[in-house]
There are 2 protein chains.
Amino acid sequence: MKIATWNVNSIRSRQEHLTNWLQKNPVDVICLQETKVIDSDFPRSPFEELAYHLYISGQKSYNGVAIFSKIPLQNVSVGFAHRNPVSSSNRVSQVSEVSSSNRVSELDEQKRAIAGIFEDILILNLYVPNGSEVGSEKYEYKLQWLKVLREYLEVALKTTPNICICGDFNIALESRDIYRQTKDTEIMASPQERQSLQAILDLGFTDAFRKFNPDAGHYTWWDYRRGGFPQNRGWRIDHFYLTENLSDRAQSCIIDKEPRTWEKPSDHTPVILEL
Amino acid sequence: MKIATWNVNSIRSRQEHLTNWLQKNPVDVICLQETKVIDSDFPRSPFEELAYHLYISGQKSYNGVAIFSKIPLQNVSVGFAHRNPVSSSNRVSQVSEVSSSNRVSELDEQKRAIAGIFEDILILNLYVPNGSEVGSEKYEYKLQWLKVLREYLEVALKTTPNICICGDFNIALESRDIYRQTKDTEIMASPQERQSLQAILDLGFTDAFRKFNPDAGHYTWWDYRRGGFPQNRGWRIDHFYLTENLSDRAQSCIIDKEPRTWEKPSDHTPVILEL
DNA sequence: GGACGCCCGG
DNA sequence: CCGGGCGTCC
């Protein structure tokens, strides 16, 4: 089976790109970030016509995540409030089965996480906060968010051996993931962010892309400004992180640079995992 | 020779449409309205590559007119300040040879008129104010503008027998020019506007389109709202008005509806006069 | 540089 | 509905 992740930078602006890409790449599951639209305005039909079941959690202007799946997902939930199932038409259940702290429900105001079970795999689709500048309020929010994510995963791992986390992490873990040397004060590469992400991986996740490719020079995001893409000035910040069982099953993990060459592209390009 | 007029509703948004259309329709002269861009940002090269000389008078956001000509125009002037020549690079002369009233120079703040001589013909390209609502301040401005236009033409006619006025007049003179019955309080069809325009035609101009086609149901503008175009709910508000000599020379005057069927079109479609 | 919302203008 | 400008975010 194939799973893709793609920060589309507005589903409404990228509808054509995404349908074209899915026709060429009929993956079983695709995880999207930065859909930037409230659920009632999400363009469902073009993707339902491609035989996908849609699970979406969006807001106006910012953030927004979605999972499309060729088969229905089980136990779909949004945010970090544990076991909060939604139907494919996005009703959110009235009851929350755990005592969500204020912190968690505050974090869930931004639509950055959606999860569902595909066969025996829990797929968790994330749009990690960007963090703006090191030391800023948004940076603290990013670190807080990663801490809550870690707690969420600790709980999930107790019952679920096969977890696939993917999405836009807004963090490049190593120097080989960035086209140039960076300082410790740079967002997406600062030690604190990296440590927060590493603490999550230390729960038992491995980077699927690095199972197959140790080389530098492979990126998933290029800044729109300063002609980043033509000169391959990129960052690898979109990831698949897999629990051990799943990592063993992984057959390939590739970055498809093609959509970034199209007219009016997203600044990110898709990553595809084959299991 | 062929002259076209087209309200493009932003030259930057319509650049592709216009170059495509000019390749199919290599008219000698094209008069554009609502270019909506300051002269320094006007996309000159795509049109210069099609062998046109460009004469432009634009402003930020609103209005803006331009003439493209296969041969250089003589005595190009912008606005109503009489004999105010500009070069093809749009320098405006420092001297105004007539005592421009404050009224005229105020009206010229909005870039709605540009003129030039092609062979023996004075071509006057106009974007008449819309007028918003009957009785409004903008309506009074429209009537004022038409009055000044009339005065301008009275002077011009003394020395220039061959005048071709064209552009977006934002007035449909007769009921056969509108897809439905209108009330006297409707903008673009109110008696006062029509009288102001008729007073101009009474100086000795005739409607080139009506020389060839007396039928109702021929329009040049369809509102973006309420799916006006698919149901042909249009208005004929873009016109060629010719002095007698020129009217006698006119071979055809047609409305090309095709560009209005293209993706993301202007709400207006071009009219082509053959002399 | 390119999304968005909001406002203005047609 | 579809242009433009502006402010905001990434």
Side-chain angles (χ1 to χ4, degrees), chain A residues 7-15 17 32-38 41 58-64 110-112 127-133 136-139 141-142 168-171 186-188 221-230 233 235 237-238 260 262-268, chain B residues 7-15 17 33-38 41 58-64 110-112 127-133 136-139 141-142 168-171 186-188 221-231 233 235 237-238 260 262-268:
Chain A
N7 179 321
V8 288
N9 190 12
S10 165
I11 188 66
R12 286 177 295 183
S13 293
R14 225 64 62 201
Q15 191 186 303
H17 282 204
L32 306 173
Q33 304 87 37
E34 284 206 89
T35 53
K36 292 186 173 178
V37 69
I38 54 171
D41 289 344
Q59 65 182 90
K60 201 160 71 164
S61 293
Y62 306 116
N63 315 315
Q110 298 189 13
K111 306 308 182 193
R112 296 178 174 277
Y127 176 51
V128 178
N130 169 280
S132 190
E133 281 178 46
S136 68
E137 216 168 279
K138 283 172 184 165
Y139 185 72
Y141 182 88
K142 182 178 194 171
D168 175 1
F169 285 77
N170 273 314
I171 298 171
E186 283 189 70
I187 200 66
M188 300 196 295
W221 172 80
W222 299 260
D223 200 314
Y224 283 126
R225 292 160 285 193
R226 307 190 346 110
F229 186 70
R233 296 182 170 174
W235 296 58
I237 59 177
D238 300 88
R260 187 60 239 241
W262 296 344
E263 284 278 289
K264 288 257 169 200
S266 168
D267 44 354
H268 296 250
Chain B
N7 179 321
V8 288
N9 190 12
S10 166
I11 187 66
R12 286 175 296 182
S13 292
R14 225 64 61 201
Q15 191 185 302
H17 282 204
Q33 304 87 37
E34 283 206 270
T35 52
K36 291 186 174 179
V37 68
I38 54 171
D41 289 344
Q59 63 182 93
K60 199 159 75 166
S61 295
Y62 306 116
N63 314 315
Q110 298 189 13
K111 304 309 181 193
R112 297 178 172 278
Y127 175 52
V128 177
N130 168 280
S132 191
E133 281 178 48
S136 69
E137 217 167 279
K138 283 173 185 164
Y139 185 72
Y141 182 88
K142 182 179 194 170
D168 174 3
F169 286 77
N170 272 313
I171 298 171
E186 283 189 69
I187 198 68
M188 301 197 295
W221 172 79
W222 298 260
D223 201 314
Y224 283 127
R225 293 161 282 194
R226 304 192 357 105
F229 186 70
Q231 293 166 92
R233 297 182 169 173
W235 297 56
I237 59 178
D238 300 271
R260 187 60 239 240
W262 297 344
E263 284 278 288
K264 289 258 169 200
S266 168
D267 43 353
H268 296 251

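In what follows, every chain begins at residue 1, and chains take the letters A, B, ... in the order their sequences are listed.
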Problem - Contact summary for A/Asn63 and A/Arg112, nearest pair of heavy atoms - result: OD1-NH2, 3.1 Å
Problem - Nearest heavy atoms of B/Asp238 and B/Asn7, plus distance in Å - result: OD1-CB, 4.2 Å
Exercise for the section: State whether B/Ser10 places a side-chain N or O below 4.0 Å from either non-bridging phosphate oxygen (OP1 or OP2) of D/dG4. Expected result: yes
Exercise for the section: Using modelled atom types only, decide if a donor and an acceptor are shared between the side chain of B/Tyr141 and the backbone of B/Asn130 within a distance under 3.5 Å. Expected result: no
Exercise for the section: Over 60° means perpendicular and under 30° means parallel, so classify the ring planes of A/Trp262 and A/His17, tilted if in between. Expected result: perpendicular
Handout entry: Euclidean distance, atom CD of residue B/Gln15 to atom P of D/dG4 [Å, nearest integer]
Key = 12 Å
Practice task
Identify the 5'-most and 3'-most nucleotides of DNA chain C with at least one atom closer than 4.0 Å to a non-hydrogen atom of chain B.
Solution key: C/dG9 to C/dG10
Fill in the blank from the handout: Rounded to whole Å, NZ of A/Lys142 lies from C1' of D/dC10 at a distance of 11 Å
Practice task
May I ask you to decide if A/Tyr224's main-chain N or O and A/Asp267's side chain share a donor-acceptor pair within less than 3.5 Å?
Solution key: no
Problem - Main-chain N/O of A/Tyr139 paired with A/Ser132 side-chain donor or acceptor, under 3.5 Å - result: no
Problem - 5' priority, DNA chain C, between A/Asp267 and B/Asp267 [closest heavy atom] - result: A/Asp267
Problem - Atom-to-atom span, CG of A/Asn7 to P of D/dC9 - whole angstrom - result: 18 Å
Handout entry: Atom-pair distance (CG on B/Asp223; P on D/dG3), nearest Å
Key = 13 Å
Handout entry: Distance, rounded to the nearest Å, where B/Asp41 contributes CG and D/dG4 contributes C1'
Key = 13 Å
Exercise for the section: Answer with yes or no whether the side chains of B/Lys36 and B/Asn9 bring together a donor and an acceptor at under 3.5 Å. Expected result: yes
Practice task
Verify the contact: side-chain N or O of B/Arg14 to OP1 or OP2 of D/dG3, cut-off strictly under 4.0 Å; return yes or no.
Solution key: yes
Exercise for the section: Quick one: sort the B/Trp222 and B/Phe229 rings into parallel, tilted or perpendicular, breaks at 30° and 60°. Expected result: perpendicular
Practice task
Please state how far atom NZ in B/Lys264 lies from atom P in D/dG4, giving the value in whole angstrom units.
Solution key: 10 Å
Below 3.5 Å is the cut-off: list the nitrogen or oxygen pairs between protein and nucleotides 5-7 of chain D, distance only.
residue	atom	partner	partner atom	Å
D/dC6	OP1	B/Lys60	NZ	3.3

Practice task
Report the distance from atom CG of B/Asn63 to atom C1' of D/dG3, rounded to the nearest whole Å.
Solution key: 13 Å
Handout entry: Minimum side-chain heavy-atom gap A/Tyr127-A/Glu34 below 4.5 Å
Key = yes
Fill in the blank from the handout: In whole angstroms, the gap separating P of D/dC10 from CD of A/Glu186 amounts to 17 Å
